[in-house]
Amino acid sequence: MGPGPTVPPLFSPIPPAIHPCHARADARTAAWAETFRIGSDELRGRLVSRSFGTFAARVLPEGREEVVSLLADFVLWLSGLGHGEEGEHGRRPGDLAGELHRLLRVAQNPEVPLLLDDPLAAGLRDLRLRIDRYGTPGQAARWADALREYCFCVVWEAAHRRAGTVPDLDDYTLTRLYGGATSAVLPLLEIGHGYELQPHERDRTAVRAAAEMASFVITWDDDIRSYHEETEDGGATGSPLTVLRVLEHHEGLTPQQALRVAISHRDRVTRLYLRLTEQLAAHGSPQLRQYLRTLGSFLRGAQDRGVGSGRYARPNDPAGPPTTFRDTPVDGGGEPLDIPAVSWWWNLLAPGGDADATAGPSTRTAARGTP
């Protein structure tokens, strides 16, 4: 299959930032991957080349350096796990579920004598012990729970891969919110700045929705940018489950039409995210404002990683994925998406809803203001 339609620059209104430790973080993560022998030598080399330390430094531009490295190691570990998911167990959801359950036990209780000769389990033990060192018991528990959500989605995807089926847009959207493992990063956003967001704010519907919106945009962007890779090899190297394939399969859209719809989706959610987070920041505690600021850094850091990642470059596709951003959305509409799993997000902006409707600071200030 030849290259698909050219992906244009995507809307990104959040300004970039990076921690000065980014080069050290890259070097430390390369050493960590070697110490724990994550993946084969060839895979490990490819993972290290993706500069996860630089990505983590963009997510935590003002965070603790040791947690920048912790986040970088965790993202590399997730990538190593992901390559295994697409391998021999990728079409056997039962076997995959058993393997993931054992890894989850290690994440939950690193002292258990399971998978003692498994490099991924050894790396996971180290990650959990470092989370215990720098975070709280509650943050460690939420991290392990978020990993469980991610693993559930991995098995769901394997079942579709085995059956050769494509989920509808609503099911795909709901599962993709967790299938990108973004929720497992959220506790590290707090740990990186040495605080714990209190339950009365963290568990508030609007705050959870803001995190889901960030996840939506991050994962839709990943689907959009990976489209060159998927179309060139017919999906042979990756999952067929991307939003573009879902739109093509269930809506009968051409690749160019599916691309336009997916970009419209992420633009509308990005605009809603900015409006909701500025409202939350205007009335939240200093800790909530710090959390929202770092959530914005996570979103922009994932976007910067996307435009700078060699992962999406394909030798037979001279156009390649976009390497710049645009300042205005392609779709500036404010109507809810026709996706029941997320359409309720727009209700949070209504007077009397979970977020105060009073206008707060500008969107750029809300993303990176001071507590």
Derivation and outcome, salt bridge (Lys or Arg N to Asp or Glu O under 4.0 Å), residues Arg130 and Asp126 | CA-CA 6 Å; Arg130 289 156 69 192; Asp126 177 75; 2.9 Å; yes
Minimum side-chain heavy-atom gap Leu169-His265 below 4.5 Å = yes
Any side-chain donor-acceptor pair under 3.5 Å between Arg268 and Thr270?
-> no
Side-chain donor-acceptor contact under 3.5 Å, Thr294 with Gln290 | yes
Among Ile218, Ile14, Leu295, which one satisfies side chain to side chain contact (heavy atoms under 4.5 Å, CB included) with Arg300?
-> Ile14
Nearest heavy atoms of Ala206 and Leu276, plus distance in Å | O-CD2, 3.6 Å
Considering all heavy atoms, the nearest Glu190-Glu196 contact | OE1-CA, 3.5 Å
Return yes if some donor-acceptor pair links the side-chain N/O of Ser79 with the main-chain N/O of Val75 below 3.5 Å, else return no.
-> yes
State, yes or no, whether a side-chain contact exists between Arg50 and Arg46 at a heavy-atom distance under 4.5 Å.
-> yes
Same cluster (ILVMFWY, side-chain, under 4.5 Å), Trp32 and Val67 | yes
Thinking salt bridges, do Arg305 and Asp221 make one under a 4.0 Å N-O criterion?
-> no
With the side chain counted from C-beta on, respond yes when Tyr134 and Leu188 share a heavy-atom pair under 4.5 Å apart, and no when they do not.
-> no
Counting distance only, does the side-chain N/O of Arg208 pair as donor-acceptor with the main-chain N or O of Arg202 below 3.5 Å?
-> no
All heavy atoms of Leu96 vs all of Ala158, minimum pair found to be CD2-CB, 3.7 Å
Between Pro119 and Phe36, is any pair of side-chain heavy atoms under 4.5 Å apart?
-> no
Can you check side chain to side chain contact (heavy atoms under 4.5 Å, CB included) on Leu288 and Val207, steps first, answer last?
-> CA-CA 9 Å; Leu288 178 59; Val207 176; 4.0 Å; yes
Flag the pair Asp331 / Ile263 as yes when at least one side-chain heavy-atom distance between them is below 4.5 Å, and no otherwise.
-> no
Give a yes or no on whether the backbone of Gln257 and the side-chain of Thr254 come within a donor-acceptor separation of less than 3.5 Å.
-> yes
Are Arg245 and Tyr172 in a cation-pi setup, meaning NZ or CZ lies under 6.0 angstrom from the ring centre and within 45 degrees of the ring axis?
-> no
Option among Thr219, Thr242, Asp223 that satisfies the side chain to side chain donor-acceptor pair (under 3.5 Å) test with Arg176 | Asp223
Any donor and acceptor pair, going by atom type alone, linking the side chain of Arg275 with main-chain N or O of Leu349 inside 3.5 Å?
-> no
Among Leu76, Ile38, Leu100, the one residue meeting side chain to side chain contact (heavy atoms under 4.5 Å, CB included) with Leu81 = Leu100
Would a hydrophobic clustering, with Ile, Leu, Val, Met, Phe, Trp and Tyr connected at side-chain separations under 4.5 Å, put Leu274 with Leu348?
-> yes
What closest approach, in Å, do Ser297 and Val59 show between heavy atoms, and which atom pair accounts for it?
-> CB-O, 3.3 Å
So, Arg105 versus Gln108: side-chain donor-acceptor pair below 3.5 Å or not?
-> yes
Show the atom names and distances, to 0.1 Å, of all donor-acceptor pairs under 3.5 Å that link a side chain in residues 111-118 to residues at least two apart or in another chain.
from: Glu111; atom 1: OE2; to: Asn109; atom 2: ND2; distance (Å): 3.4
from: Asp118; atom 1: OD1; to: Leu120; atom 2: N; distance (Å): 2.8
from: Asp118; atom 1: OD1; to: Ala121; atom 2: N; distance (Å): 3.0

Is it true that Arg142 and Asp145 have a side-chain N and a carboxylate O under 4.0 angstrom from each other?
-> no
Salt-bridge contact Glu65-Arg28 (side-chain N to carboxylate O under 4.0 Å) = yes
Phe55 and Phe298, any side-chain heavy atoms less than 4.5 Å apart = yes
Spell out, as yes or no, whether a donor-acceptor pair under 3.5 Å connects the side chain of Glu251 to the backbone of Glu248.
-> no
Please confirm whether the backbone N or O of Phe216 pairs with a side-chain atom of Tyr273, one donor and one acceptor, at under 3.5 Å?
-> no
Taking C-beta and beyond as the side chain, do Trp143 and Arg128 meet within less than 4.5 Å on heavy atoms?
-> yes
Arg289 side chain vs Gly284 backbone, donor-acceptor pair below 3.5 Å | yes
Crowded around Asp203 CG? As in, over 12 foreign heavy atoms under 6.0 Å?
-> yes
Taking Arg58 for the side chain and Ile18 for the main chain, is one N or O donor matched with an acceptor at less than 3.5 Å?
-> no
Roughly how far, to the nearest 0.5 Å, is the CG atom of Leu103 from the CZ atom of Arg125?
-> 9.5 Å
Are any of the side-chain heavy atoms of His19 and Leu60 separated by less than 4.5 Å?
-> no
Do you know which two heavy atoms are closest between Val68 and Gly53, and how far apart they sit?
-> CG1-O, 4.2 Å
Is the backbone of Leu177 close enough, under 3.5 Å, to the side chain of Ser215 for a donor and an acceptor to pair up by distance?
-> yes
Test item: His250 side-chain N/O and Val166 main-chain N/O as donor-acceptor pair under 3.5 Å | yes
Nearest non-hydrogen partners of Gly39 and Arg44, listed with the distance = O-NH1, 2.7 Å
